[in-house]
Structures are given as structure tokens and as C-alpha cells.
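Step one of this worksheet: look at the structure below.
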Amino acid sequence: MDRYQVLIVGAGFSGAEAAFRLASQGVRVGLLTQSLDSVMMPFLPPRPPFPKGSLLERAYDPKDPRVWAFHAQAKYLLEGERNLHLFQATATGLLLEGERVVGVRTWEGPPALADRVVLAVGSFLGARLLIGEVEEEAGRLSEASYPDLLENLLSLGFRFVEREGSVPETPSTPGYRVRYLAFHPEEWEEGTFRLKRLEGLYAVGLCVREGDYALMSEEGKRLAEHLLHELG
């Protein structure tokens, strides 16, 4: 089985941005998502300003602000990167060699192997979605959480803090709230994005820091630059 230089779990704004930047610089990247239909899918139409040269900026079309149009263009650009493999699978746990992460297990069966693994799993760890009096296990509307991955991370000793985000009602969707877990600040290095408990493991996006689309995009780019420096 092929081994990626970098495997990114989660194709939201930070994960997709990091994958796009790395692949454009010749790094072999695997970008794993639970649903190809939700790759870089915004809650609401993105609004400038955006980080210069970012995937966020390139995918945005001011003449067509629909979220599906933005998603389609972002996915098109990602699929056009020859060094990037965008694929659908559900990560259920980390694969280890000693104290180093070497990939992830998947619900579908085949493992995904890599020299470095990035968790960009957004609001999908321990996620509970609330609409009025209704509560379900989901990280976004109609999108499943990562219960097996969370269980594995807890078994490895990772600590978390609880956060809550809200999405306003739109003409096509109800408003809702999501309670989720993010890595405890002491688990994560600001400058390197490393999750310090294991070697070869990084985290970016809502699973470590709250922010808007532009910040998530900027963080993805910054992680990519750090990894490019590491990879030489």
C-alpha cells in the first residue's frame, strides 16, 4: 500500500487548505474525509477578505455566493493537484510504531499510512448536535461524529476541553448548536501544531482553536509551511 508523506484527517477549511498547499509544493498528501459531499463545505457563504493565495480565495466566486458552488470549486481545485489523493473513509484510531504515529485505522478496513498525520477533525470529536429539544450525535447537520477515534485518543491519554458552536437559521436549514471536544491547550504546541504526546502527530482547526473561515484557512497554510520546513 502507498504511504503518504502527510495524511490529513478532515477536509474542512484548515485541513483542505493545508493539503492544497503541501501538494502544490510536491508533497504526497492523503486527504481523508468522511464524505466527499462535504469537502470544504461552509455553513454560510464565505465573505472576503481571505488569506492571499489560499484555496479559500481561489474557490470563492463573488458572482455565485452559493455554498454548494463554493464547495464544488474547492473540491475541483483539490482534485486537480497531482500529488493529492482525496478519498472517503472514516478514521477510527491511530496506528503506532512505539511512540510514533504512522497512519490511521479506518472503519472501511484498509489502513492509511503516512510519515506524519494531521487531525483536522473540526467539531466532530464527542459531538452532540442540538436543534431545539432534539439532540443527536453529529458534528454538523446530518454529518456523523468520530466516536471510535475519540475513544482511541482518550485511551492514549489525550485530554480535551468542551466547546460549543452555533449556526444560524437559513432559508434552507434550521439553526442549531454543536457541543464538541477540542484538544486541551496543554496537548498542543502553538508554533508547530504538534500534539506533544506522540511523535508525527499534529492538529489544526476547530479541534484546537476556535475561529472563522479566514482564520482556519490561515492556520492550514501555516501548518503546511511548518511541515514543508520539516520535510526539507
Side-chain angles (χ1 to χ4, degrees), residues 8-25 29 31-82 84-88 118 120-124 127-132 134 136 138-146 163-180 182 204-225:
I8 300 176
V9 180
F13 280 79
S14 54
E17 194 72 67
F20 186 74
R21 174 62 178 160
L22 288 166
S24 71
Q25 297 301 303
V29 180
L31 181 56
L32 182 159
T33 176
Q34 291 195 108
S35 172
L36 293 171
D37 290 334
S38 61
V39 171
M40 214 169 179
M41 175 67 80
F43 301 113
L44 300 169
R47 293 285 182 262
F50 303 134
K52 293 296 183 183
S54 64
L55 176 61
L56 175 56
E57 181 182 60
R58 297 184 192 192
Y60 176 73
D61 181 358
K63 297 178 182 178
D64 190 349
R66 295 174 302 157
V67 295
W68 274 98
F70 176 87
H71 151 77
Q73 180 63 11
K75 185 179 175 186
Y76 173 80
L77 291 169
L78 288 164
E79 290 175 333
E81 284 294 331
R82 63 186 300 269
L84 192 154
H85 178 205
L86 175 63
F87 64 106
Q88 184 168 301
V118 176
V121 291
S123 58
F124 288 76
R128 307 299 300 182
L129 186 144
L130 302 97
I131 305 176
V134 177
E136 62 181 56
R140 289 204 330 180
L141 196 63
S142 302
E143 293 185 41
S145 63
Y146 283 94
R163 292 191 179 146
E164 181 173 308
S166 62
V167 178
E169 182 178 357
T170 72
S172 59
T173 60
Y176 60 92
R177 294 175 293 133
V178 177
R179 292 180 185 146
Y180 64 98
V204 70
L206 287 178
C207 64
V208 287
R209 192 202 303 279
E210 297 174 286
D212 60 13
Y213 299 141
L215 178 61
M216 295 297 99
S217 173
E218 187 61 50
E219 293 282 89
K221 284 184 63 185
R222 189 162 69 86
L223 168 61
E225 293 304 322

Task: Pair Ser14, Glu219: side-chain N/O donor-acceptor within cut-off below 3.5 Å - done: no
Open item on the list: Once rounded to the nearest 0.5 Å, what's the spacing between atom CD of Glu164 and atom CZ of Arg128?
Closed with: 13.0 Å
TODO: Kindly compute the distance separating CG (Leu215) from OG (Ser217), expressed to the nearest 0.5 Å.
DONE: 9.0 Å
Task: Identified side chain to side chain contact (heavy atoms under 4.5 Å, CB included) counterpart of Glu143 within the set Ser38, Ser35, Ser123 - done: Ser38
TODO: Search all heavy atoms of Leu31 against all heavy atoms of Gly10 and return the closest pair with its distance.
DONE: CD1-O, 3.5 Å
- [ ] Please report the closest heavy-atom contact between Phe124 and Ala144, naming both atoms and the distance.
- [x] CD2-O, 2.9 Å
TODO: Flag the pair Lys63 and Asp61 as a salt bridge only when some basic side-chain nitrogen lies within less than 4.0 angstrom of an acidic carboxylate oxygen.
DONE: no
TODO: State, to 0.1 Å, how close Leu22 and Ala224 come at their nearest heavy-atom pair, and which atoms those are.
DONE: CD2-O, 3.6 Å
Anything under 3.5 Å between a donor and an acceptor, one on a side chain of residues 43-57, the other on a protein residue two or more places apart or in another chain? List them.
unit_1 : atom_1 : unit_2 : atom_2 : d
Ser54  : OG     : Pro51  : O      : 2.7
Ser54  : OG     : Glu57  : N      : 3.0
Glu57  : OE1    : Gly53  : N      : 2.8

Task: Closest heavy-atom pair and its distance - Gly15, Ala120 - done: CA-CB, 3.7 Å
- [ ] Indicate the atoms forming the closest heavy-atom contact of Val29 with Ala23, along with that distance.
- [x] CG2-N, 3.9 Å
Task: Phe87/Leu32 under side chain to side chain contact (heavy atoms under 4.5 Å, CB included): CA gap, chis, key distance, verdict - done: CA-CA 5 Å; Phe87 64 106; Leu32 182 159; 3.8 Å; yes
Task: Spatial distance of atom CZ (Phe13) from atom CG (Leu206) [nearest 0.5 Å] - done: 10.5 Å
Task: Gap between atom NZ of Lys221 and atom CE of Met216 - 0.5 Å precision - done: 14.5 Å
Open item on the list: Tell me every residue that passes side chain to side chain donor-acceptor pair (under 3.5 Å) with Thr173, counting only those two or more places apart in sequence or in another chain.
Closed with: Thr170
- [ ] Calculate, to the nearest 0.5 Å, the distance between atoms CD and OH belonging to Glu169 and Tyr176 respectively.
- [x] 12.5 Å
Task: Test item: Met40 and Glu17 side chains (from C-beta on) under 4.5 Å apart, heavy atoms - done: yes
Open item on the list: Nearest 0.5 Å, please: how far is CG in Leu129 from CD in Glu136?
Closed with: 5.0 Å
Please tabulate, one pair per line, all N/O donor-acceptor pairs under 3.5 Å involving side-chain atoms of residues 67-80, not counting sequence neighbours.
unit_1 : atom_1 : unit_2 : atom_2 : d
His71  : ND1    : Val39  : O      : 2.7

